[in-house]
Amino acid sequence: MKKSVFSEKNAKPDQQFVSGGTNRLLKIAATVVFLFFLFIPNTWGGCLNVTNPTSSSRWKSTETYTIRWNTTSTQQTVNINLNIGSSRKASVAKNVPNSGEYVWTIPENTLINKNDERNDYIISITTPDCFGDSADFGIYFPVPATPQNFTATAESSTSIKLTWYNVYGATGFEVYDCIENRTVISFDEWFYTIATVRDLSPGTYHSYKMRATSSSGASAYTSCQEATTLQDTPSAPTGFSAAAQSDSSILLSWDSVSSATSYDVHACDGSLITNTSQTSWTVSDLAPGTSYSYKVSAKNSSGSSDFTSCQNATTHEDLAADFTANVTSVTAGAGVTFTDQSKGSPTSWSWSFGDGDTSTQPNPTHTYNTAGTYTVSLAAGNTGGSDTKTKTNYITVTCSAPTADFNGNPTSGNFPLTVQFSDQSSPGSDASMNTYQWDFGDGETGSGSTPSHTYHSANTYTVSLTVTNSCGNQATETKTDYIRITAACPSPTADFSGSPTSGDSPLTVQFDDLSSPGSGVSIDSWEWNFGDGQTDSVANSTHTFESDGTYTVSLTVTNACGEQDTKTISDYITISEIACVPDWTPVVYTNSTTAYGIVTINGEPASAGDFIGAFVDNECRGASEVVIYENVAYATLNIQGTSVETAAFRVWDASDCAARSVSYSAETNPGGDIGYPPDYLPIEAGSLYPGDIDHSGTIDLRDAILALKITAGIYPDEMFLDADISGDGKIGLQEAIYMLRVAAK
């Protein structure tokens with residue numbers, strides 16, 4: 001926000017220092033500090049030497065100074081003068097001893113005029129034998145004191161006035177914004193004591209501090225002084241309304257005005273009702289049934305808004321309860337609407353309808369369900385009290401008897417037979433149906449207008465329905481031998497299938513129910529037994545066999561008649577003992593190659609029972625079980641339709657059934673027999689480290705060189721499948737770069 005500053009001066013500058021009289025003026029003058037520069041005299045042998053008691057170069061105007069001569073004077077009278085140029089400030093003539101020393105206290109208020117600053121002062125001594133000797137010094141005012149009585153006061157909605165006491169020795173002042181952290185006023189005049197910060201926003205908080213300045217430095221800041229600009233004069237409130245609360249009070253309310261600090265509520269005859277900071281006011285102690293008129297204005301520190309337009313309200317009359325009904329004679333089940341006719345503007349209502357029901361609504365509608373006459377009363381209340389009106393035998397209710405009837409579908413069939421019954425009764429004139437009670441003839445009962453019931457035995461059944469209407473009147477309809485059950489329930493036939501029925505563990509099998517429930521009924525429950533201690537109770541079940549072995553499976557079904565049947569299939573599920581044998585089908589080719597090799601997994605001999613397979617284009621061309629000979633694992637593979645060099649190899653580890661790629665191809669053995677380990681190139685399972693081509697246990701420069709050679713086509717890719725880091729089916733430049741980076745670490 002841009003702020004403008006206006007500084008004010010007193011009419012007489014010297015009066016800025018005079019608050020408190022002459023003594024205050026002298027005390028302020030006593031704070032002036034001088035810096036005394038000594039010059040070595042150069043006339044008559046340098047007989048003048050002026051010093052102060054502390055040997056300090058800083059002199060104050062009222063301190064005591066010692067004037068001393070280097071040689072003994074023969075004169076008894078010495079004239080000592082303090083001058084600025086030709087202007088003499090102080091002078092003394094003294095008889096001094098031959099010791100050549102005199103202690104002189106410069107009089108107070110000698111050097112107090114600001115205009116004396118930076119002038120050269122001369123102390124001169126005149127004697128007959130040392131005429132004209134002198135010493136020069138300059139005067140400098142001290143760092144000024146912190147201004148006193150600094151205040152900040154809101155002047156208007158856009159300006160804040162700052163005031164302070166002047167400071168002796170100050171040549172200027174600075175005002176600092178404590179919130180925005182910046183100087184907002186700076187001027188080099190010593191006689192200002194007032195400044196105004198302008199162009200501020202209405203109702204905004206500000207904080208300022210200040211300090212005095214001079215050529216010697218700046219004082220400490222005053223403490224921050226706070227002020228909030230005045231608000232703009234608020235606008236008149238909107239939404240002003242007046243509403244009677246009781247026979248002696250009226251509620252006034254209006255919308256809040258953001259810039260308002262309070263509101264004046266006036267009667268429209270001009271009298272003040274109240275001043276409040278709230279946005280509502282209840283005017284009390286008014287006369288019943290009397291009209292009043294009010295207006296309201298908003299206020300803040302800047303003034304008041306215009307008044308709202310006058311709003312009228314009439315207090316309630318004295319309370320007198322009364323009511324009417326739209327009808328006083330009805331049939332049972334019909335509604336009666338009651339209307340409050342009370343005087344005195346009640347705010348609460350308590351109705352009693354004579355049949356045990358009540359209401360607190362001002363104009364309720366009530367339904368009478370039973371014939372009779374009813375006394376109705378209303379207790380109306382407001383803040384002034386309550387009044388009750390009672391009308392005896394006010395409502396007459398009439399009602400007729402109901403007629404019972406029903407039908408069922410179907411009414412005959414084989415058991416179990418489910419029959420849907422439907423009420424066909426009439427409640428009677430001026431009434432509605434309340435309850436239904438069914439007797440189905442087989443010892444079972446029911447309720448509701450449309451019950452469903454199942455018969456489980458062959459027989460004929462008499463059905464009856466008793467209904468009660470809203471008047472409490474009843475009627476019964478009985479239909480003899482209405483339901484005929486003519487056939488017994490058939491037995492079910494259990495059957496099922498599972499797929500697959502064999503495989504390696506864990507094996508998941510889908511079992512499907514193929515059972516027949518019997519004619520006219522359905523199967524209600526299933527009970528599976530999978531032979532491994534696990535069961536299930538759904539129609540179609542999915543079950544996983546975790547262990548090797550054979551399992552007998554059975555299914556028991558129960559139909560809606562409660563009849564059961566069981567199907568058992570012995571040794572139905574077979575789980576292979578060796579689950580990790582490669583799933584391959586040998587293919588007969590016109591030529592084949594026998595490969596022999598030592599089989600290791602991560603540097604350790606393979607175990608008996610492990611399998612090794614040869615693959616070309618992911619097609620298994622041969623497999624062999626690993627055998628142990630003198631603690632060394634060997635395998636002989638008849639690789640069909642290909643050469644050893646074009647085959648890839650994998651080992652199935654019997655310990656965890658995991659397939660691992662083999663990193664070296666086997667060599668063919670021209671002799672046809674298995675030789676000793678040194679005669680054959682090992683067939684070794686893939687390294688734990690992707691890219692460890694030479695199986696040294698780490699990825700090093702050798703692996704990167706081998707990858708580069710493979711990339712250049714020197715070696716077939718199939719021999720080094722574990723180096724295919726990217727999984728794109730070949731070993732390329734990115735694999736070599738990867739291994740170079742790993743080796744570099």
Inset, instruction - Would you please indicate yes or no on a ring centroid separation below 6.0 angstrom for W164 and F173? - result: yes
Inset, instruction - Evaluate the ring planes of W254 and F240, with Trp represented by its six-membered ring, and classify them as parallel (under 30°), tilted (30 to 60°) or perpendicular (over 60°). - result: tilted
Inset, instruction - Step by step, work out the side-chain contact (heavy atoms from CB on, under 4.5 Å) result for T279 and D255. - result: CA-CA 6 Å; T279 57; D255 296 336; over 6 Å; no
Legend entry - Between CG on residue L252 and OG on residue S280, distance to nearest 0.5 Å: 8.5 Å
Inset, instruction - Please assess E155 against R198 for the test side-chain contact (heavy atoms from CB on, under 4.5 Å), listing each intermediate value before the final yes or no. - result: CA-CA 9 Å; E155 192 173 52; R198 301 186 185 278; 4.2 Å; yes
Inset, instruction - Please confirm whether the backbone N or O of N181 pairs with a side-chain atom of Y176, one donor and one acceptor, at under 3.5 Å? - result: yes
Inset, instruction - Quick one: closest heavy-atom pair of S304 and K299, and the distance? - result: OG-CG, 3.1 Å
Legend entry - Short side-chain donor-acceptor distance under 3.5 Å, D264 and N275: yes
Inset, instruction - Look at the rings of H366 and F353 and say which category their plane angle falls in: under 30° parallel, 30 to 60° tilted, over 60° perpendicular. - result: parallel
Legend entry - Side chain T315, main chain A287, donor-acceptor under 3.5 Å: yes
Inset, instruction - Looking only at non-hydrogen atoms, find the nearest pair between Q225 and S223 and report the distance. - result: NE2-OG, 3.1 Å
Legend entry - Test item: V167 and S219 side chains (from C-beta on) under 4.5 Å apart, heavy atoms: no
Legend entry - Between NE2 on residue H206 and OG1 on residue T229, distance to nearest 0.5 Å: 5.0 Å
Legend entry - Distance-minimising heavy-atom pair for L319 and S386: CD2-CA, 3.5 Å
Inset, instruction - State, with a plain yes or no, whether a side-chain heavy atom of S256 is found less than 4.5 Å away from one of Y263. - result: yes
Inset, instruction - Report yes or no: do S259 and D232 form a side-chain donor-acceptor pair below 3.5 Å? - result: no
Legend entry - Donor on one side chain, acceptor on other, T222 and T146, under 3.5 Å: no
Inset, instruction - Run the numbers on F323 and W351 for ring pair (Phe, Tyr, Trp, His ring centres under 6.0 Å), then give the verdict. - result: CA-CA 10 Å; F323 63 90; W351 295 85; 5.2 Å; yes
Legend entry - Residue pairs, two or more places apart or on separate chains, that pass side-chain hydrogen bond (donor to acceptor under 3.5 Å, both in side chains) and touch residues 282-297: S293-N312
Inset, instruction - Output, in order, the C-alpha distance, side-chain angles, deciding distance and verdict of side-chain contact (heavy atoms from CB on, under 4.5 Å) for T193 and T163. - result: CA-CA 6 Å; T193 59; T163 62; over 6 Å; no
Inset, instruction - Rounded to the nearest 0.5 Å, what's the gap from OG1 on T183 to NZ on K209? Could you check? - result: 9.5 Å
Legend entry - Pairwise distance SG(C268) to CD(Q311) - rounded to 0.5 angstrom: 8.5 Å
Inset, instruction - Supply the atom-to-atom distance I395 CD1 to F338 CZ, rounded to the nearest 0.5 angstrom. - result: 4.0 Å
Inset, instruction - Could you verify whether a donor N or O on one side chain and an acceptor N or O on the other, from N149 and Y165, lie under 3.5 Å apart? - result: yes
Inset, instruction - Output, in order, the C-alpha distance, side-chain angles, deciding distance and verdict of side-chain contact (heavy atoms from CB on, under 4.5 Å) for I185 and L162. - result: CA-CA 11 Å; I185 304 174; L162 309 175; 4.1 Å; yes
Legend entry - Exam field: side chain N363 to backbone D340, donor-acceptor pair closer than 3.5 Å: yes
Legend entry - Least distance between heavy atoms, T347 atom then W349 atom: O-CZ3, 3.5 Å
Legend entry - Heavy-atom side-chain proximity of D322 to K343 below 4.5 angstrom: no
Legend entry - Pair S235, S305: side-chain N/O donor-acceptor within cut-off below 3.5 Å: no
Legend entry - Closest approach of T261 to N300 (non-hydrogen atoms, all atoms of both residues): OG1-CA, 3.3 Å
Legend entry - NZ-CG distance between K389 and L378, expressed to the nearest 0.5 angstrom: 10.5 Å
Inset, instruction - Compare every heavy atom of A379 with every heavy atom of T388, then report the nearest pair and how far apart it is. - result: OG1-CB, 3.6 Å
